[in-house]
Every structure is written in structure tokens, then in C-alpha cells.
J.: 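My structure is below; once you've seen it, I'll send some questions.
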Amino acid sequence: MPKYQFSVEVQPQFLPEQSEPESELYGFAYTITVHNTGEVAAQLVSRHWIISDARGHTEQVKGLGVVGQQPLLQPGEAFQYTSGCRLRTPSGTMHGSYFCVAEDGERFETKIPLFVLDAGGTGGAGTRVLH
């Protein structure tokens, strides 16, 4: 087992009630589960997202923590949160990274795998995660 490691699972969902297709606005939620799969307690300090729509428009979002928190995870612990975004197309992608600091001061980055946001005309059944 690596000494410093988080794993990330993502479950995206289309939100028809927060979408206005006639105005080219599509709402999505994503639930993230971050697991400390390493040997040392570590804190998720900041995030960096790369969000792209179907037209190739890309936006980068950087900030401290996630949903106002900077969770400290012991080995084996997990933290789950839900957030969201809006796109101007019915599909797009997101990926990024978390910057983390272990209890012993070691800094490391955790990749957030690319996942697809897809309105799919099915109220959420069209979402999928790429591994």
C-alpha cells in the first residue's frame, strides 16, 4: 500500500429541474467519495477542476477545500460530498485534482478521473464515469 494516496469515486447526475434547455443551461450534480487508501492521515487542502462542454469551451476552477471543508482523513476513512455545475451544452466532461498534505508534512496530488456529464434526454440515466 502506498504511504500517501487518496482514491476518488465520482457519480454524476443530470438535474432536469435545474436546467433550462431553451436558454442553453444544463444543471448537473456530482457526488464524490474520497478514500484515504494510504498509510498516513492526510488532509484535502484544495481542488482544481477542468470543466469542458460539448463545444470545447473549457473553464478551470480552483479553490480551497471542497464544499467549505478541508477534511482530514485517517487511513481507511472516506469523505463524501455533492456539488454541481451548469453547462451551456447538454453534455461535457470534468476532471481535475486535489492537493493534499499528510500529517507528516508530505505534499501529494490526487487525480480526479475524467467523467462525463450527459443530459441524455433521460433525466440522468445518460451519465457515466470513464476509468
Side-chain angles (χ1 to χ4, degrees):
M1 161 180 358
K3 192 169 183 177
Y4 309 104
Q5 180 175 286
F6 280 2
S7 67
V8 179
E9 296 173 25
V10 183
Q11 185 60 51
Q13 178 184 357
F14 174 55
L15 301 174
E17 69 281 0
Q18 293 187 24
S19 300
E20 300 171 27
E22 65 282 354
S23 300
E24 294 188 330
L25 288 174
Y26 299 87
F28 296 91
Y30 48 90
T31 298
I32 305 272
T33 305
V34 180
H35 296 269
N36 183 348
T37 53
E39 299 174 351
V40 177
Q43 184 171 28
L44 190 161
V45 175
S46 64
R47 69 193 182 285
H48 176 204
W49 284 108
I50 301 167
I51 307 166
S52 301
D53 69 17
R55 293 187 189 122
H57 173 77
T58 298
E59 180 180 345
Q60 294 196 42
V61 177
K62 296 180 179 183
L64 291 176
V66 291
V67 295
Q69 298 184 55
Q70 294 178 313
L72 173 64
L73 300 177
Q74 298 297 321
E77 283 187 336
F79 178 78
Q80 186 175 78
Y81 71 95
T82 299
S83 192
C85 70
R86 292 179 98 182
L87 299 179
R88 295 213 168 265
T89 60
S91 65
T93 62
M94 289 181 67
H95 69 283
S97 60
Y98 295 127
F99 173 71
C100 308
V101 178
E103 246 181 0
D104 63 7
E106 184 72 24
R107 299 164 185 243
F108 64 100
E109 188 174 270
T110 298
K111 297 292 182 193
I112 304 166
L114 181 78
F115 59 95
V116 174
L117 304 168
D118 187 0
T122 58
T127 56
R128 62 189 185 276
V129 177
L130 302 179
H131 295 281

J.: Compare every heavy atom of Ser97 with every heavy atom of Ile112, then report the nearest pair and how far apart it is.
T.: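 So the minimum-distance heavy-atom pair works out to CD1-N, 3.5 Å.
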J.: I want to know whether Phe6 and Phe108 have ring centres closer than 6.0 Å.
T.: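 Yes, they do, as the ring centres are separated by less than 6.0 Å.
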J.: Mind jotting down which residue pairs meet the salt bridge (Lys or Arg N to Asp or Glu O under 4.0 Å) criterion with at least one end in residues 81-101? Sequence neighbours excluded, please.
T.: Glu20-Arg86
J.: What are the two closest non-hydrogen atoms of Phe28 and Pro90, and how far apart are they?
T.: CZ-O, 3.6 Å
J.: Indicate whether any N or O donor in one side chain lies under 3.5 Å from an N or O acceptor in the other, for Thr31 and Gln11.
T.: no
J.: Are the side chain of Thr89 and the backbone of Ser91 linked by a donor-acceptor contact shorter than 3.5 Å?
T.: yes
J.: With under 30° as parallel and over 60° as perpendicular, where do the rings of Phe115 and Tyr30 fit, or are they tilted in between?
T.: tilted
J.: Could you tell me which residues satisfy salt bridge (charged side-chain N to carboxylate O under 4.0 Å, His left out) with Glu9, sequence neighbours excluded, listed by chain and number?
T.: none
J.: Sorted by first residue and then second, give each salt bridge (Lys or Arg N to Asp or Glu O under 4.0 Å) pair with at least one member in residues 43-64; sequence neighbours left out.
T.: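 Residue pairs passing salt bridge (Lys or Arg N to Asp or Glu O under 4.0 Å), neighbours aside: Glu24-Arg55.
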J.: Could you work out, with salt bridge (charged side-chain N to carboxylate O under 4.0 Å, His left out) as the rule, every residue matching Arg107, not counting sequence neighbours?
T.: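 Here no residue qualifies.
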J.: Under the salt bridge (charged side-chain N to carboxylate O under 4.0 Å, His left out) rule, collect the residues that match up with Glu109, sequence neighbours excluded.
T.: Lys111
J.: Which residues satisfy the ring-ring contact (aromatic ring centres under 6.0 Å, His included) test with Phe79, sequence neighbours excluded?
T.: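 Phe79 satisfies ring-ring contact (aromatic ring centres under 6.0 Å, His included) with no other residue.
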